[in-house]
Amino acid sequence: MGGAGIAVLLISADFLTSGFIRGTEVPRLLERRAEEGLRIIPLILWPCPWQRVAWLAGIQARPKDGRPLADGSAVQIEKDLSSLAGEIADLLGHDAHASRPATISPTAEESPKGRALTLWKEKLAFFQEQEAIAADSSQKFALRKQIEEAKERIRELEG
């Protein structure tokens with residue numbers, strides 16, 4: 001966390017009730033925000049009372065409408081995460097195409113289908129990690145649905 005200019009917080013009930021997060025991580029982040037201008041971006045993953053947390057309620061959460069990411073369709077989740085990634089790239093001053101020479105043709109992995117396959121595999125791994133740590137049975141159920149959808153998309157793209 002030392003030199004990062006942006007901190008993305010994955011907000012859930014577990015995050016809000018974690019003693020370590022509340023007692024150690026958040027105070028350090030807020031201190032860095034005040035002293036160094038650290039940009040804090042809360043990403044609301046699951047329904048939880050995040051608006052009632054004073055320090056969090058004053059920070060623009062993502063998705064921008066304050067809706068939990070898990071409440072969106074797969075397409076909406078994809079749009080929300082893509083928007084967040086673009087926002088972070090803009091904040092960091094990155095141009096996704098600046099480092100790629102125009103004369104190099106895309107490889108299979110860089111093709112749209114290859115990129116989509118890579119993204120779905122990354123999403124599957126993320127969903128599986130989240131399922132492993134989810135405490136709430138409704139969260140686990142929603143994650144299992146997302147895992148199955150990701151597996152199906154991967155099969156379609158590989159087939």
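Please read all numbers here as calculations on a predicted model, not as lab measurements.
Linking ILVMFWY residues whenever their side-chain heavy atoms come closer than 4.5 Å, directly or via other members, leaves I147 and F141 in distinct clusters.
By the 4.5 Å heavy-atom criterion applied to side chains, I6 and L38 are not counted as neighbours. Q146 has its side chain within reach of I77: a pair of non-hydrogen atoms, C-beta onward, lies under 4.5 Å apart. For the pair I154/L117, a side-chain contact is recorded, criterion being any heavy-atom separation below 4.5 Å from C-beta on. Inter-residue side-chain proximity for L81 and L43 is flagged as met; some heavy-atom pair is nearer than 4.5 Å. Between L45 and P68, the closest side-chain pair of non-hydrogen atoms is not below 4.5 Å. Using a 4.5 Å heavy-atom cutoff, the side chains of R67 and Q76 are in contact. In this structure the side chain of L84 reaches within 4.5 angstrom of the side chain of I41, judged on heavy atoms. A heavy-atom distance below 4.5 Å is found between the side chains of L9 and L29.
No salt bridge links E148 with K145; every basic N to acidic carboxylate O contact stays at or beyond 4.0 Å. In summary, E35 and R32 do not engage in a salt bridge, as defined by a charged side-chain N under 4.0 Å from a carboxylate O.
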Verdict with reasoning, I44 to L69, per side chain to side chain contact (heavy atoms under 4.5 Å, CB included): CA-CA 6 Å; I44 310 304; L69 195 63; over 6 Å; no

Verdict with supporting geometry, R144 and E149, salt bridge (charged side-chain N to carboxylate O under 4.0 Å, His left out): CA-CA 9 Å; R144 285 186 194 115; E149 179 187 2; over 6 Å; no

Audit row: R155, E152, salt bridge (charged side-chain N to carboxylate O under 4.0 Å, His left out) steps and yes/no: CA-CA 5 Å; R155 282 192 293 273; E152 178 60 30; 3.0 Å; yes

Candidate pair R153 and E156, rule salt bridge (charged side-chain N to carboxylate O under 4.0 Å, His left out), full reasoning: CA-CA 5 Å; R153 296 298 293 265; E156 289 171 6; 3.8 Å; yes

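The main-chain N or O of A13 is found under 3.5 Å from a side-chain atom of T17 such that the two form a donor-acceptor pair.
K113 approaches L157 most closely through the heavy-atom pair CE-O, 2.7 Å. Minimum heavy-atom separation, I40 to R33: CD1-CD, 3.7 Å.
In this structure, the separation between CG on L56 and CZ on F15 is 7.0 Å, given to the nearest 0.5 Å. The distance from atom CH2 of W46 to atom CD1 of I11, rounded to the nearest 0.5 Å, is 14.5 Å.
For the side-chain hydrogen bond (donor to acceptor under 3.5 Å, both in side chains) condition, the pairs that include at least one residue of residues 50-63, sequence neighbours left out, are R62-E87.
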